[in-house]
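Just so you know, ligand 1 is whichever comes first in the structure, and atom 1 is the first atom listed for that ligand. What you see is a predicted model, and the numbers here were worked out from it, not measured in a lab.
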Amino acid sequence: MRKKLLRTGADELSYEIRGIVKKAEQLKKVGCEILWENIGDPVQKGAKLPSWIKDIVSDLAQQDSSYSYCHSKGVLETRQFLAKRNNALGGVQITEDDILFFNGLGDAIGKIYQYLIPPARVIGPSPAYSTHSSAEAAHANDHPITYSLDPQNNWYPDMDELYLKVKYNPNIVGIMIINPDNPTGMVYPLEILRRYVAIAKEFDLFLISDEIYLNVTYNGARGYSLSQYIDDVPGIALKGLSKEIPWPGSRCGWAKFYNKEKDEEFGKLCTTLENAKMIEVSSTKLPQVALPKIMGDHRYPDYIKANNEKIGKRSQVISNILKPCKGIYFNPTSGAFYNTIVFKKNVINDKQTLAIKNPEVKKIVEDWVAQPDVLPDKRFVYYLLAAKGICVVPISSFCSDLRGFRVTLLEENEDNLKKTFEGISEAIDEYINS
Ligand SMILES: Cc1ncc(COP(=O)(O)O)c(C=O)c1O
C-alpha cells in the first residue's frame, strides 16, 4: 500500500474468549472431547427457551411489519415500555428519547468510545470484559487505563486506586463499571456504587454502567441499576437481550442516557451516538418488537427467578469443589454466570505441566507452550485443555496482570458440571505440585 493503513489502536483489538476455541478445535480434530467453559452463551450450553417465548417470536415472524426498518433510535413502543420500567425504580426519570437501540451491546460499546477524541480516556476495571477495554484502548491509540478489582476483597474495586488515578490523570473523562461483573461474577453493594458517583462528581466525569447481567443475580444478591444511585451525574446504562432471555443471536442491546441535559459535552456525546445510528438507518427490529411482549408477560418474572436459582445452585456446587483448593483465590459468585479463579503469587511458573497420555496431544500442547510470550496462566489453560479437555479462558486475556482463568456457570447437566469442576480442582493440584 502507498500509505500505512491502520491506526496504532488497531493492535489493541484481540478477543481471546474466541481465540482459545481455535486451540480446542485443533484438539477435537485429533479425537479429544471438549467441555466448553469458555463462552457466555447459555443457549450454546444447552439452555432451553420456554415455548411461550418461542410462540411470541414465531407470531412476530409471521407479520410483514417485522421485516422492515424501524426508527433509527429503536421501536417507539419498546422505548416507551423500557422508559416506564426504568422510572418505576424511582431513580433518575427518563423518556423514550433517552433510549437508543444497537445491534447488540457489542455494537454500542464500539460506538461509545469511537467518537471520543483520542486523549479523552474512560478508566475501566481490571480484569474486564475485553470488548470494553479493547474498544476504549483502540479509540485512544494506547493501552487501557484501569482500576483493580481485588480477588482478596470479594473482587470489589480498589476505590482508593481509582480515586488517585482519576485525580492525577486529567485526561480521564469517564469511569466504566460492569455490574454484575464479567468476568468475576460479583455484584456491587450500594456503598461502593455511591463512591463511583462521588468520584465522578468531584472530577466532573460521566459514568458508564454495563448492566447486561442486572437481572442475573442469585443466592440473596441484589443488583442496583445506575438510575438508582447516579443522582445528577451524567451517565449511560447499557442493557441487552443476550444474557437475560437469553437471546444472544438477537443482536439487540440498548443504551439509556441519564442527565444528558446536565452537561453540554455529555449531551453532545449522546446526540453523536444517535446520529451514528441514524446513518445506519436502524438496528435489528424483530427482537425489539418481541421485547415488551416477552418482558411484559406475566410468566417472565417466574421464568427469570427459576433461571437464577439454577445458576445459584451451580455457583454453590462450584464453591464446594474449588474453595478447598490450595494456591488459589476463590470467591463465590452472586451475579452474572462466570467465576474467575486466580493463582496466588509465584504459585505457577513456566515449568509446570499436567500428565497427558495421548502422545499426539502431548506434542500439540508442548508446541503451543514453546511459542514465545506464553504467559503462565495461558500455559495452565493449554495444559488443562489438553489433559482434561476443559476449555477455559486465561485471565490475562481480560486486561489483567493477575494469573488465573475464567469459567462459566452455564453447564446444564449436573454430572458434567461436577466432572468439569472436579477436573479443574485435580488439575490445579497436580499442576502446582508438578
Ligand atoms: C459485560 C458484557 N457486556 C456486553 C456483552 C455483549 O453483549 P451483546 O451480546 O449484547 O453484544 C457481554 C457479552 O458477553 C458482556 O459480558
Task: Listed once per pair and sorted, the salt bridge (Lys or Arg N to Asp or Glu O under 4.0 Å) pairs that draw on residues 163-190, sequence neighbours left out - done: Glu161-Lys165
TODO: Compare Leu241, Leu238, Ile212, Asp107 and give the one whose heavy atom is closest to atom 7 (O) of ligand 1.
DONE: Ile212
Open item on the list: I want to confirm something. Looking only at heavy atoms, which of Tyr129, Tyr213, Phe337, Trp247 is nearest to atom 6 (C) of ligand 1?
Closed with: Tyr129
TODO: Decide whether an N or O pair under 3.5 Å exists between Cys252 and ligand 1.
DONE: no
Open item on the list: Does ligand 1 come near enough to His132 that some N or O of the ligand is less than 3.5 Å from an N or O of the residue?
Closed with: no
Open item on the list: Looking at Lys29 and Glu25, is any side-chain nitrogen of the basic one under 4.0 Å from a carboxylate oxygen of the acidic one?
Closed with: no
Task: Cationic N near anionic O, under 4.0 Å, Lys28 to Glu33 - done: no
Open item on the list: Could you check whether Ser68 and Lys285, counting side-chain N and O atoms only, form a donor-acceptor pair closer than 3.5 Å?
Closed with: yes
Open item on the list: Quiz question: by atom type and distance under 3.5 Å, do the side chains of Asp158 and Ser148 form a donor-acceptor pair?
Closed with: no
Within ligand 1, which atoms have a heavy atom of [X] less than 4.0 Å away?
| X | result |
| --- | --- |
| Ile178 | 1 (C) |
| Lys243 | 12 (C), 13 (C), 14 (O) |
| Ser242 | 8 (P), 9 (O), 10 (O) |

Open item on the list: I need the full list of side-chain hydrogen bond (donor to acceptor under 3.5 Å, both in side chains) pairs touching residues 105-125, with sequence neighbours left out, sorted by first then second residue.
Closed with: Asp107-Lys111, Asp107-Lys277, Lys111-Glu280, Tyr113-His132, Arg121-Glu136
If the contact criterion is a heavy-atom separation under 4.0 Å, does [X] count as touching ligand 1?
| X | value |
| --- | --- |
| Phe102 | no |
| Gly104 | yes |
| Gly106 | yes |

Task: Gln316 and Tyr218: CA distance, side-chain angles, deciding distance, side chain to side chain donor-acceptor pair (under 3.5 Å) verdict - done: CA-CA 10 Å; Gln316 278 163 353; Tyr218 39 83; over 6 Å; no
- [ ] Record the part of Pro248 in heavy-atom contact with ligand 1 below 4.0 Å; permitted values are side chain, backbone, both and neither.
- [x] neither
Open item on the list: Cation-pi check for Trp368 against Lys23: NZ or CZ below 6.0 Å from the six-membered ring centre and within 45 degrees of the axis, yes or no?
Closed with: yes
